[in-house]
There are 2 protein chains.
Amino acid sequence: MSSRARSKPAVRPGGRSARVQQAVHAAVRELEAEQGRGALTVPAIAARAGVTPSTIYRRWGDLHELLSDVAVERLRPESPPEDHGDLRADLSAWATQFLDEMGSATGRAYLRDALLGDPDGSNAGQCSAYAAGQIEVILDRARRRGEAVPGVETVMDRVVAPMTYRILFRPDGLSPQYADDLARSVLPPAP
Amino acid sequence: MSSRARSKPAVRPGGRSARVQQAVHAAVRELEAEQGRGALTVPAIAARAGVTPSTIYRRWGDLHELLSDVAVERLRPESPPEDHGDLRADLSAWATQFLDEMGSATGRAYLRDALLGDPDGSNAGQCSAYAAGQIEVILDRARRRGEAVPGVETVMDRVVAPMTYRILFRPDGLSPQYADDLARSVLPPAP
DNA sequence: CGCGTTAAAGCTAAGTGTTTGCGTTAGTGA
DNA sequence: TCACTAACGCAAACACTTAGCTTTAACGCG
């Protein structure tokens, strides 16, 4: 039976529900920052957030789904990618920054969390959509400048996917140079 | 304190240790096949394997690390890739089969398990090494035939990574055609 | 603006999984 | 063969999870 927890807990958006969700998310971030991952248990998070454990279990199902939610929130880009004036520079800068952030120990942990507690794949899908969104902004700008641009899917396959794969499966030996090489590989050959 | 469980439990390869490991792995596979993932708890696995739960906790640390070990074992290729006579056919066949196996619900689950209970990344690295190994066999054969071949890393970046990324992050809309397209993309342009 | 409705939270107790210390067993090497 | 020790079994203490029931507070309607 029973009780599949909803991955998108926004069931009653306003009021108490929202406050609880906010408090719980904040508690996760604070506890992790202060005491590390080992301290992240549902009872500890609940105590910190001022709610009872059963509230968390009912809304999120288990610890991993909660962490997955928090991870996705943290992986959401805070601002559109910087504009450097041309596609090559934009893509290269974005890829370099992506690899730097996601390739760090904490970035990798968020990526894994997002994948981990994600029965239906919607959280992972969200992460991917974030990246695709950022890339679309970059490509749109270039298109408006009159540059020749690759498709979003091409960039996902040739830039985002290789970086993400290596971050998850072969975390050693990643360099900004690698990100840059990938970014260049989707551009038309230099003049 | 404490006891980091070893991911490679082969500490005393012969005798009892080996028997216990085998029994536990078998118990995981049987229980999953018979009753589904929900039934996979450490006490249940222990009972099935005829050991005590504490044995499992001590050797593997927790359920996820055990599942990760089992997943890696299942992801190990059983035989070298088929030989179809030329690089294009070999790569295409391998990619298609990879996507078919890993893109299925169970394949995706193994991939996720492998990543999930893997504190130091060695299990994920093993998965990647399996794929790289298969590809090297294919490339070696082609090289021996006198064909022009791309580097292994290129194939990992352009074929394995995109498929794996999509399996994990965007499991919808994957087709054999996609695998084939990726395989072709690393080959020199057709004559 | 108060009132009924109901989703969501609180509380608590029972159930289940995890950890740990200590004694025992069985590989391993001299 | 014997001593040594890693790994296992056992059982009790501990922590986490689940479920039933009660209470609270958004929300919508008269």
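All values below come from the heavy atoms of this structure, side chains included, with hydrogens, waters and symmetry mates left out.
- A tilted orientation is assigned to the rings of B/His25 and B/Trp60, their planes being inclined by 30° to 60°.
- Atoms CG (A/Leu66) and P (D/dC16) sit 15 Å apart, rounded to a whole Å.
- Remark: C1' of C/dT16 and CG of B/Leu63 are 14 Å apart, rounded to the nearest angstrom.
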Throw together a table of side-chain donor-acceptor distances under 3.5 angstrom for residues 146-159 of chain A, partners on residues two or more places apart or in other chains.
| residue | atom | partner | partner atom | Å |
| --- | --- | --- | --- | --- |
| A/Glu147 | OE1 | A/Leu87 | N | 3.3 |
| A/Glu147 | OE2 | A/Leu87 | N | 3.1 |
| A/Glu147 | OE2 | A/Arg145 | NH1 | 2.9 |
| A/Glu153 | OE1 | B/Arg166 | NH2 | 2.4 |
| A/Glu153 | OE1 | B/Arg170 | NH1 | 3.4 |
| A/Glu153 | OE1 | B/Arg170 | NH2 | 3.3 |
| A/Glu153 | OE2 | B/Arg170 | NH2 | 3.1 |
| A/Asp157 | OD1 | B/Arg166 | NH1 | 2.4 |
| A/Asp157 | OD1 | B/Tyr178 | OH | 2.7 |
| A/Asp157 | OD2 | B/Arg166 | NH1 | 3.3 |
| A/Asp157 | OD2 | B/Tyr178 | OH | 3.3 |
| A/Arg158 | NH2 | A/Ser185 | O | 3.3 |

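- Residues from residues 36-48 of chain A with heavy atoms under 4.0 angstrom of DNA chain D, sorted by number: A/Thr41, A/Val42, A/Pro43.
- The shortest non-hydrogen separation linking A/Ala114 to A/Asn123 is O-CB, 4.0 Å.
- Judged by distance alone, with hydrogens and angles left aside, the side-chain atoms of A/Thr96 form a donor-acceptor pair with the main-chain N or O of A/Ser92 at under 3.5 Å.
- Applying the side chain to side chain donor-acceptor pair (under 3.5 Å) criterion to A/Asp181, with sequence neighbours excluded, gives A/Gln177.
- The hydrophobic cluster around A/Leu116 extends to B/Leu116, counting ILVMFWY residues whose side-chain heavy atoms fall within less than 4.5 Å of a member.
- Note: CG (A/Asp62) to P (C/dT16) measures 18 Å, nearest angstrom.
- Applying the side chain to side chain donor-acceptor pair (under 3.5 Å) test to A/Ser54 and every residue at least two apart in sequence or in another chain returns A/Thr52.
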What does the list of N/O pairs under 3.5 Å between the protein and nucleotides 9-11 of chain D look like, with a distance for each?
| residue | atom | partner | partner atom | Å |
| --- | --- | --- | --- | --- |
| D/dG9 | OP2 | B/Thr52 | N | 3.2 |
| D/dG9 | OP2 | B/Thr52 | OG1 | 3.4 |
| D/dG9 | OP2 | B/Thr55 | OG1 | 2.5 |
| D/dG9 | O6 | B/Arg58 | NH2 | 2.8 |
| D/dC10 | N4 | B/Ser54 | OG | 2.9 |
| D/dC10 | N4 | B/Arg58 | NH2 | 3.4 |

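- Taking atom CD of A/Gln22 as the reference point, atom P of C/dA9 lies 14 Å away to the nearest angstrom.
- The CD1 atom of A/Ile56 sits 13 Å away from the C1' atom of C/dG10 (whole-angstrom rounding).
- When rounded to the nearest whole Å, the span between CZ of A/Arg19 and P of C/dA7 equals 19 Å.
- Within the 3.5 Å criterion, the main-chain N or O of A/Leu67 finds no donor-acceptor partner in the side chain of A/Asp113.
- A close approach under 4.0 Å does not occur between any side-chain nitrogen or oxygen of B/Arg59 and OP1 or OP2 of D/dA6.
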